[in-house]
2 protein chains.
Amino acid sequence: MLSSSLEPQSDAASSATSDTDVPVAGLKGKLLNHLEAAPLRASQRLPSEREMIERFATTRVTLRDTLLQLEAEGRIYRENRRGWFVSPPRLRYDLLACLPFRDMVESQQRVASTEVLAAGEVAANAVIARRLGIAEGSVVYRITRVRRIDGRRVLHVCHHLRRDCFPGILDFDLGAHSLTDLYRHEYAIRVSRVSFELASTVFDAEAAAALNAAQGSPAQRITRINFDQNGRAVDCDDEHWRHDAIELTLSAAPQS
Amino acid sequence: MLSSSLEPQSDAASSATSDTDVPVAGLKGKLLNHLEAAPLRASQRLPSEREMIERFATTRVTLRDTLLQLEAEGRIYRENRRGWFVSPPRLRYDLLACLPFRDMVESQQRVASTEVLAAGEVAANAVIARRLGIAEGSVVYRITRVRRIDGRRVLHVCHHLRRDCFPGILDFDLGAHSLTDLYRHEYAIRVSRVSFELASTVFDAEAAAALNAAQGSPAQRITRINFDQNGRAVDCDDEHWRHDAIELTLSAAPQS
DNA sequence: CGATTTCTGTGGCCTAGTTCAGATGCCCCG
DNA sequence: CGGGGCATCTGAACTAGGCCACAGAAATCG
């Protein structure tokens, strides 16, 4: 059971009331914060909300506010109607290393896995067409995947590929192979320039469902366009990450 | 008065009930979403919460959830105990352009201003020392500033500068001059490499107070280290942005 | 033994209030 | 005309419940 790990030990509680070293508002939920700092391991499930309101002698709304707060801080996360969990450490994601997902994850002693949700052909809408420099309505490949780290679904990504660049690419096992590896080895296309657009928002309905996240959970959007050695945009992707799952890094010479 | 702009016009309401084109949960607050899409201008203040619960026939908690949701989406923001406002368009922030803040803002037809909160000398803690490659406890310059776009406080930034690189820099008017300009013209130091670390979190107490944001509002953290032409780390800064204020962009060659 | 159904526990979402503290502006007084 | 106090308006935080939809496991049926 989890009962011992979250017990608001009397000494901790009394020190919290006497200590004013934590200047945050005395909102009851900061108990949680303290208690969390101690003995909870990554991905461990918190007790149910109803159990916690009893244990901390508070109400549903107050507790919920507190949990949402901790979620925004990236300390806990939730799975839709399943419960609250302690966030694992963030994956360091080097934007310019351009490592395949699996390599990046495994280099940090984590376990990666990928699941293909859909792969097919669609007509490019205005946004995709503009990004790829093709005519609106042109047919492109569209690949939607979900990626996991240590079993946790953290990334929903939707690729759009120029069909003239990668004919027949859907016949490969897209769950097993890295796209960039396929580009290089099967199509002799190397990514020689990337362009990113980053913003923090919330999950849309599709991504939320795919990641088992609640609609309205905070998300990090990463839109990326890949250019080949001839400066031609060959594909783009829209990534939506659980915002607590990554820390982006980047090192480069500024364009003076 | 604002009364007319947010009126839930009966035709709009009826069309909302018949239209199922918006698949989001029928949570009442999506009314707000619709209404917002229409006639509200950037930075315009929403009616008070008490006024809205009456107008939409809902309760405080429900309305608040909805507002927090819209805040997470980046569509509205709040100032501490002052009210809710419509978010202006995001500033496009090119990480590698390394434009001074003022230039970047003005190039997008917005108005920038800067306020120096504090400037002095402090002993480098472990984190700062590691970033700058100096001994822990070495004295460094520390500059804290708040930046505004169109009058709205959007950025709290804390710089740490190596004192041996920039002797006497505190004597300049740090509210008027760009730091990178001072580096170049007064100290002959050019930034030839930058290293970033990005994560989405919430404001800490200090930044929240400085920006007039509620504690717990979502924030985008940008930590940056600048290296000079000799590869030496000369300064670093910790930026906390209102998360709805920026959209980060970036274009570069990947490190193969 | 496998597939289906049912049941229970969970978060999601909602109602209807109250108390508190900061922000603002008004007004009065010097 | 300027400054200090005070009333008012605001969001912040909280109490005490309720119903609903979905997830997961257990029980049941073919």
Side-chain angles (χ1 to χ4, degrees), chain A residues 1-3 23-33 44-72 76-86 153 202-203 205 208-218, chain B residues 1-3 6 23-33 44-72 76-86 152-153 202-203 205 208-218:
Chain A
M1 292 297 285
L2 303 170
S3 33
V24 288
L27 87 161
K28 197 158 299 183
K30 285 303 169 186
L31 276 176
L32 281 171
N33 211 327
Q44 184 168 345
R45 184 164 175 277
L46 270 60
S48 79
E49 294 184 359
R50 285 170 177 84
E51 199 172 333
M52 285 191 276
I53 66 177
E54 200 163 319
R55 196 170 303 172
F56 298 117
T58 182
T59 59
R60 195 77 186 285
V61 176
T62 306
L63 178 72
R64 203 134 224 283
D65 279 355
T66 308
L67 292 171
L68 291 170
Q69 179 80 27
L70 292 170
E71 181 189 45
I76 62 176
Y77 68 98
R78 51 188 157 148
E79 290 191 14
N80 204 3
R81 290 174 199 276
R82 291 216 328 123
W84 294 88
F85 302 83
V86 178
R153 290 193 271 251
V202 299
F203 288 117
L211 295 182
N212 224 323
Q215 273 188 37
S217 294
Chain B
M1 292 297 286
L2 303 168
S3 32
L6 265 185
V24 287
L27 85 162
K28 196 158 300 183
K30 285 302 171 187
L31 275 177
L32 282 170
N33 211 329
Q44 184 167 344
R45 184 165 176 279
L46 271 61
S48 78
E49 295 184 0
R50 284 170 178 83
E51 199 171 333
M52 284 192 275
I53 66 176
E54 199 164 322
R55 195 170 303 172
F56 298 117
T58 181
T59 60
R60 203 68 187 285
V61 175
T62 306
L63 177 72
R64 203 132 225 282
D65 280 355
T66 307
L67 293 171
L68 290 171
Q69 179 81 27
L70 292 170
E71 180 189 43
I76 62 177
Y77 68 98
R78 52 188 157 149
E79 290 192 13
N80 203 4
R81 289 174 199 277
R82 291 216 327 122
W84 294 89
F85 302 84
V86 178
R152 175 188 176 211
R153 290 193 272 252
V202 299
F203 287 118
L211 294 183
N212 224 323
Q215 272 188 36
S217 294

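Proteins get letters first, then strands, A, B, ... in listed order; numbering begins at 1 in each.
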Starting at atom [atom1] of [X], determine the distance to atom [atom2] of [N], rounded to an integer number of angstrom.
X       : N      : atom1 : atom2 : result
B:Ile53 : D:dC9  : CD1   : P     : 15 Å
A:Gln69 : D:dA13 : CD    : C1'   : 12 Å
B:Glu54 : C:dG17 : CD    : P     : 12 Å
B:Leu63 : C:dT15 : CG    : C1'   : 13 Å
A:Glu51 : C:dG9  : CD    : P     : 12 Å
A:Glu49 : D:dG17 : CD    : C1'   : 15 Å
B:Trp84 : C:dA23 : CH2   : C1'   : 16 Å
A:Tyr77 : C:dT10 : OH    : P     : 17 Å

Among all residues two or more places apart in sequence or in another chain, which pass the salt bridge (charged side-chain N to carboxylate O under 4.0 Å, His left out) test with [X]?
X        : answer
A:Arg78  : A:Glu71
A:Arg60  : A:Glu49
B:Glu54  : none
B:Arg152 : B:Asp244

Gap separating the OG1 atom of B:Thr66 from the CZ atom of B:Phe56, nearest 0.5 angstrom: 10.0 Å
Which letter, B, S or -, goes with each nucleotide of nucleotides 18-25 of chain D from 5' to 3', with contact meaning a protein heavy atom under 4.0 Å? BB-BSSS-
Answer yes or no: does a side-chain N or O of A:Thr62 lie under 4.0 Å from OP1 or OP2 of D:dA13? no
On the nucleotide C:dT15, are OP1 or OP2 found under 4.0 Å from the side-chain N or O atoms that B:Thr58 carries? yes
With sequence neighbours excluded, what pairs up with A:Ser48 under the side-chain hydrogen bond (donor to acceptor under 3.5 Å, both in side chains) test?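 With sequence neighbours excluded, A:Ser48 shows a side-chain hydrogen bond (donor to acceptor under 3.5 Å, both in side chains) to no residue whatsoever.
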Please identify each residue that fulfils side-chain hydrogen bond (donor to acceptor under 3.5 Å, both in side chains) with A:Arg50, with sequence neighbours left out.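 With sequence neighbours excluded, A:Arg50 shows a side-chain hydrogen bond (donor to acceptor under 3.5 Å, both in side chains) to no residue whatsoever.
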Check every strand shown and say whether A:Thr59 touches a base, only sugar-phosphate, or nothing at a heavy-atom separation below 4.0 Å. base
Interface polar pairs with nucleotides 6-8 of chain D, N/O, under 3.5 angstrom:
none

Looking at residues at least two apart in the chain, or sitting in another chain, which of them share a side-chain contact (heavy atoms from CB on, under 4.5 Å) with B:Asn80?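 B:Asn212, B:Ala214.
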Below 4.5 Å, heavy atoms only, C-beta onward: do A:Leu46 and A:Leu67 meet side chain to side chain?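 They are in contact (side-chain heavy atoms under 4.5 Å apart), so the answer is yes.
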